[in-house]
**Q** 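The structure is given below, and queries will be raised subsequently.
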Amino acid sequence: MSNHPIYLDCHATTPVDERVLAAMLPYFTEKFGNPSSISHVYGWEAEAAVKQTRETLAAAINATPEEIVFTSGATEANNLAIKGVAEAYFQKGQHIITIATEHSAVLDPCQYLKTLGFEITILPVKKDGIIDLTQLETAIRPETILVSVMAANNEIGVLQPLAEISAICRDRQVLFHTDAAQAIGKIPLDVEAMKIDLMSLTAHKVYGPKGIGALYVRRRNPRVQIAPQQHGGGHERGMRSGTLYTPQIVGFGKAVEIALTEQATETQRLTQLRQRLWEELSQVEKVHLNGNATQRLAGNLNISVEGVDGAALLLGLQPVMAVSSGSACSSTTTAPSHVLTALGHSEKLAYASVRFGIGRFNTQAEIDIVAKHAIATIQSLRKQATLV
Ligand SMILES: *Cc1c(COP(=O)(O)O)cnc(C)c1O
């Protein structure tokens, strides 16, 4: 990979940690059993491995193992939570609240429910990307059944005040779902202390494999009902049928276990790398930091650059670093990022944005190369702009 650019796109995905891969490998070949096979040792081995990950995930968020439902990732977990609650509670009410900076895996299920007659309120965020709690309180109505607000944003890294949001939801007896795809293993999560009813998780943003995730579904105080969105053999207590993908589940557990063990030191290290990068970049005129400066993921830096063309900026950076731009990270559109426009940016400034996602395998030497090249690119583009 020596001729590859430096990977700084850890919000899109992360490599599988070698330790995770090693844990997974036996479950493809020797321990290949179906965890639902209860009559022989092949099944028992697989079932034991699945049980262990269930326990690891439950401990990671202070839940119980029975409250973990495995899914194919956070997209499916979000769909199951939102559509599952909508279907189970529609007689109670048909109003759902979310925020403008959510991932499309939350916004799109909400849009879909709208076509079925549900009412959706999409709250704006403050200039720093954080929810306005007063607006949330005002938006809740007697027919509101669910509030969905993400734990950590995938573009600007902003952390939402989960405990404050849930206090409002509890007070009004509304269920609270959070998409914690970017948060698991990176910030402390506690479904009891934070009073969370549903939480979406995924493995591949935290050095685990792609194609595996989970939905936490609260069983007590209150017992949350969700209508299954995939029917079949009744796996996962009927909430999500389909043979469990043992190798990926083993990898998920190992990835979260490692992330939790290393969380404190890694947060410190990443914060220092991010600050080093920002100290360099912020010396260039008219480069802005997007999102709250302190309430954010340690590895996230998102900047907007005035006076340069977004496409040219990305093109200039590409040979040296793999980063993502301020356009929507959707496979089919090149619209400006809805997250950045929600912060009040113009389309042009939203396009001229760069997300640096620093992760476990980045070094200080890499950050220095990235800073130097980014500054040179911005200055050269601005120089060209003044010449034409
Ligand atoms: C990556 C991501 C998702 C989608 O997760 P998958 O496991 O890839 O389906 C959902 N929400 C957020 C915030 C994400 O960052």
Side-chain angles (χ1 to χ4, degrees), residues 7-16 20 53 57 61 68-84 98-112 122 125 129-131 148-160 162 165 176-187 189 196 198-216 229-230 240 242 245 248-249 251-253 255-256 259 290-291 295-300 302 323-324 326-332 337-340 342 355-359:
Y7 190 77
L8 279 176
D9 205 11
C10 287
H11 302 295
T13 196
T14 55
V16 170
V20 170
T53 293
L57 294 183
I61 62 170
I68 304 295
V69 175
F70 288 111
T71 64
S72 62
T75 299
E76 188 191 337
N78 286 340
N79 272 268
L80 181 56
I82 294 165
K83 296 182 200 164
T98 186
I99 60 171
T101 54
E102 289 292 318
H103 193 274
S104 53
V106 164
L107 292 174
D108 287 3
C110 287
Q111 288 306 327
Y112 167 72
I122 299 176
V125 292
I130 293 178
I131 186 174
S148 181
V149 178
M150 69 203 318
N153 185 274
N154 47 298
E155 291 188 38
I156 53 177
V158 164
L159 310 179
Q160 298 294 348
L162 300 182
I165 296 168
F176 176 43
H177 164 250
T178 190
D179 175 352
Q182 296 285 347
I184 179 73
K186 305 199 184 115
I187 58 165
L189 292 170
I196 293 160
L198 298 128
M199 183 190 282
S200 300
L201 305 173
T202 192
H204 76 98
K205 311 280 173 76
V206 65
Y207 314 94
K210 294 168 186 59
I212 189 70
L215 179 65
Y216 156 76
Q229 301 300 304
Q230 176 159 303
R240 201 278 191 179
Y245 196 179
Q248 311 302 97
I249 290 173
F252 193 4
V256 168
N290 293 319
Q295 291 300 106
R296 69 191 302 140
L297 291 170
N300 177 282
N302 190 310
V323 287
S324 113
S327 60
C329 62
S330 145
S331 46
T332 49
S337 149
H338 70 281
V339 174
L340 297 175
R355 175 183 72 180
F356 300 92
I358 312 167

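As the structure lists them, so they are numbered: ligands from 1, and atoms in each ligand from 1.
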**Q** Output yes when a side-chain donor or acceptor of Gln248 lies under 3.5 Å from a complementary backbone atom of Pro209, and no otherwise.
**A**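 Checked: no pair found.
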**Q** Specify the closest pair of heavy atoms between Leu57 and Ala214, including all atoms of both residues, with the distance to one decimal.
**A**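 In terms of heavy atoms, the two residues are closest at CD1-CB, 4.2 Å.
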**Q** Using a 4.0 Å heavy-atom cut-off, say whether Lys210 meets ligand 1 through its side chain, its backbone, both or neither.
**A**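 Neither part.
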**Q** For atom 6 (P) of ligand 1, which protein heavy atom lies nearest, and how many Å away is it?
**A**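 Here the closest protein heavy atom is Ala74 N, 3.5 Å.
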**Q** To check your reading of the model: name the closest protein heavy atom to atom 2 (C) of ligand 1, its residue, and the distance in Å.
**A**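 Here the closest protein heavy atom is Lys205 NZ, 2.5 Å.
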**Q** Taking the side chain from Asn300 and the backbone from Val158, do they hold a donor-acceptor pair closer than 3.5 Å?
**A**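 Not confirmed, Asn300 side chain does not pair with Val158 backbone.
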**Q** Which of the numbered atoms in ligand 1 are below 4.0 angstrom from a heavy atom of Met150?
**A**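 Every atom of ligand 1 under 4.0 Å from some heavy atom of Met150: 13 (C).
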**Q** Any non-hydrogen side-chain atom of Ser148 less than 4.5 Å from a side-chain atom of Asp179?
**A**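 No, too far: nothing below the 4.5 Å cut-off.
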**Q** If you measure from each non-hydrogen atom of His204 to ligand 1, which part falls under 4.0 Å: side chain, backbone, both or neither?
**A**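 The answer is the side chain.
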**Q** Looking only at heavy atoms, is any part of Thr202 under 4.0 Å from ligand 1, and if so is it the side chain, the backbone, or both, or is it neither?
**A**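 Answer for Thr202: side chain.
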**Q** So if I count the atoms of ligand 1 from 1 in the order they appear, which ones are less than 4.0 Å from some heavy atom of Gly73?
**A**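 Checking each atom against Gly73, I get 7 (O).
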**Q** Identify the closest protein heavy atom to atom 4 (C) of ligand 1: which residue and atom is it, and at what distance?
**A**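 Closest protein heavy atom to atom 4 (C) of ligand 1: Thr75 OG1, 3.4 Å.
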**Q** So, for Ala81 and Leu198, which heavy atoms are closest and what is the spacing to 0.1 Å?
**A**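 The pair with the smallest heavy-atom distance is CB-CD2, 4.3 Å.
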**Q** With only distance considered, is Gln182 within less than 3.5 Å of ligand 1 through an N or O on each side?
**A**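 N/O-N/O distance below 3.5 Å exists for this pair.
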**Q** Quick one: look up the protein heavy atom nearest atom 13 (C) of ligand 1 and list residue, atom name and how far away it is.
**A**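 Minimum-distance protein heavy atom for atom 13 (C) of ligand 1 reads Asp179 OD2, 3.4 Å.
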**Q** For Asn78 and Ser200, run side chain to side chain donor-acceptor pair (under 3.5 Å): C-alpha distance rounded to whole Å, both residues' side-chain angles, the deciding distance at 0.1 Å, then the answer.
**A** CA-CA 6 Å; Asn78 286 340; Ser200 300; 2.6 Å; yes
**Q** Which heavy atom in His11 sits nearest to a heavy atom in Asn154, and how many Å separate them?
**A**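 So the two residues come closest at CB-O, 3.3 Å.
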